[in-house]
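First the proteins, then the strands, lettered A, B, ... as listed; each starts at 1.
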2 protein chains.
Amino acid sequence: MEVSAYAKDCPSRQILDRIGDTWSVLVVIMLADGPQRYSALAKRIEGVSPKMLTQTLRGLERDGLIGRTVHAEVPPRVDYELTELGRSLLDLVGALEKWAEMHIEDVQAARAAYDNPGVKV
Amino acid sequence: MEVSAYAKDCPSRQILDRIGDTWSVLVVIMLADGPQRYSALAKRIEGVSPKMLTQTLRGLERDGLIGRTVHAEVPPRVDYELTELGRSLLDLVGALEKWAEMHIEDVQAARAAYDNPGVKV
DNA sequence: CTGGATCCTCATAGATACTG
DNA sequence: CAGTATCTATGAGGATCCAG
């Protein structure tokens, strides 16, 4: 079997690109608490710029993972919330966190060993 | 709760950065078949440059996900194989593929709808 | 054969300032 | 408030050459 990095139609690749994105997963996790306003997300997700937040939200919205609701008010108010599809993604994120917690020590130990070849040999 | 993109000590973030990497997951999947030579990997993974392949392999090796065996032969021969830790990652990749297969149609439909706002409204 | 070293370029993250 | 417009710099990644 051969694999192609250009197999863009590969489902896994598409999902991987989305969750591999720095901000997407953070936004999804934030929205797990319930609907949030743009400014709330901006505040809670430390280090994100307006540009990246908007870009991330648009991407998630396009993929049908989150919904966007504009309230006709002054001042403007926009709420974002997880769709059913988005919530299903939480299971995957959960599995990822679980694996990470279970194995992170092994990984870090391996890194330490790799970076300090001389020690304890 | 606040999240920080700079929470580099967050296990999930570290794992995400690794599997979000374009080539890492492909290499891991390739190695699921058994030990492989550098040149075999280079051939099977379409589009990867020697530099990126080496870089990816080093990263995976550093994280303890793959093992590297140099055979004292001429011509040189180097085998890569999954470690136990690496194989455990296959479960996670499997979960990801499963989610992707189950929901990719919804995602693609959402994208189509997003990209063609006028249609069927 | 394996892969290190170097150079280059193109994409994009991020900061900042501005607007409906 | 919720973004958009613009700019810059960083760095991921490709191509190439070379060495053990």
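OP1 and OP2 of D:dA2 both lie 4.0 Å or more from every side-chain N or O belonging to A:T54. At C:dG4, one or more side-chain N or O atoms of B:R58 fall inside 4.0 Å of OP1 or OP2 (strictly under the cut-off). Taking only side-chain nitrogens and oxygens, A:R37 comes nearer than 4.0 Å to OP1 or OP2 of D:dA2. Listed pair A:W23 / C:dA13 fails the phosphate criterion, with no side-chain N or O lying under 4.0 Å from OP1 or OP2. For the OP1/OP2 pair of C:dG4 and a distance below 4.0 Å, the side-chain nitrogens and oxygens of B:Y38 include no atom meeting the criterion. Of the side-chain N and O atoms in A:Y80, none sit less than 4.0 angstrom from OP1 or OP2 of D:dC1. Residue B:S49 places at least one side-chain N or O closer than 4.0 Å to OP1 or OP2 of D:dG14.
No hydrogens or angles were tested; on distance alone, a donor-acceptor pair under 3.5 Å links the side chain of A:K51 to the base of C:dA13.
Across the protein-nucleic acid pair, A:E46 atom CD and C:dG14 atom C1' stand 15 Å apart, rounded to whole Å. Taking atom CD1 of B:I45 as the reference point, atom C1' of D:dG13 lies 15 Å away to the nearest angstrom. Separating the CE atom of B:M52 from the P atom of C:dT2 is a distance of 18 Å, rounded to the nearest angstrom. Atom CG of B:D79 and atom P of C:dC1 are 14 Å apart (whole Å). Distance, A:L57 CG to D:dC1 P: 16 Å, rounded to whole Å. Counting to the nearest Å, the P atom of C:dT6 and the CD atom of B:Q55 are 15 Å from each other. Rounded to whole angstrom, the span from the CZ atom of B:R68 across to the C1' atom of C:dC1 amounts to 12 Å. Taking atom CG of B:L41 as the reference point, atom C1' of C:dG3 lies 13 Å away to the nearest angstrom.
The shortest distance between side-chain heavy atoms of B:L60 and B:D63 does not fall below 4.5 Å. Taking the side chain as every heavy atom from C-beta outward, B:R68 and B:L57 never approach each other to under 4.5 Å. B:D33 has its side chain within reach of B:R44: a pair of non-hydrogen atoms, C-beta onward, lies under 4.5 Å apart.
Within 4.0 Å of A:P76, counting heavy atoms only, lies at least one base atom of the nucleic acid.
For the pair B:P50 and A:P75, nearest-nucleotide mapping onto DNA chain D gives the more 5' position to A:P75.
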Take B:M30 and B:Y80 through the test side chain to side chain contact (heavy atoms under 4.5 Å, CB included) and record every step on the way to the result. CA-CA 10 Å; B:M30 284 298 94; B:Y80 294 91; over 6 Å; no
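Within 6.0 Å of atom CD in B:E73, more than 12 heavy atoms from other residues, nucleotides or ligands are found, so the atom counts as buried in its surroundings.
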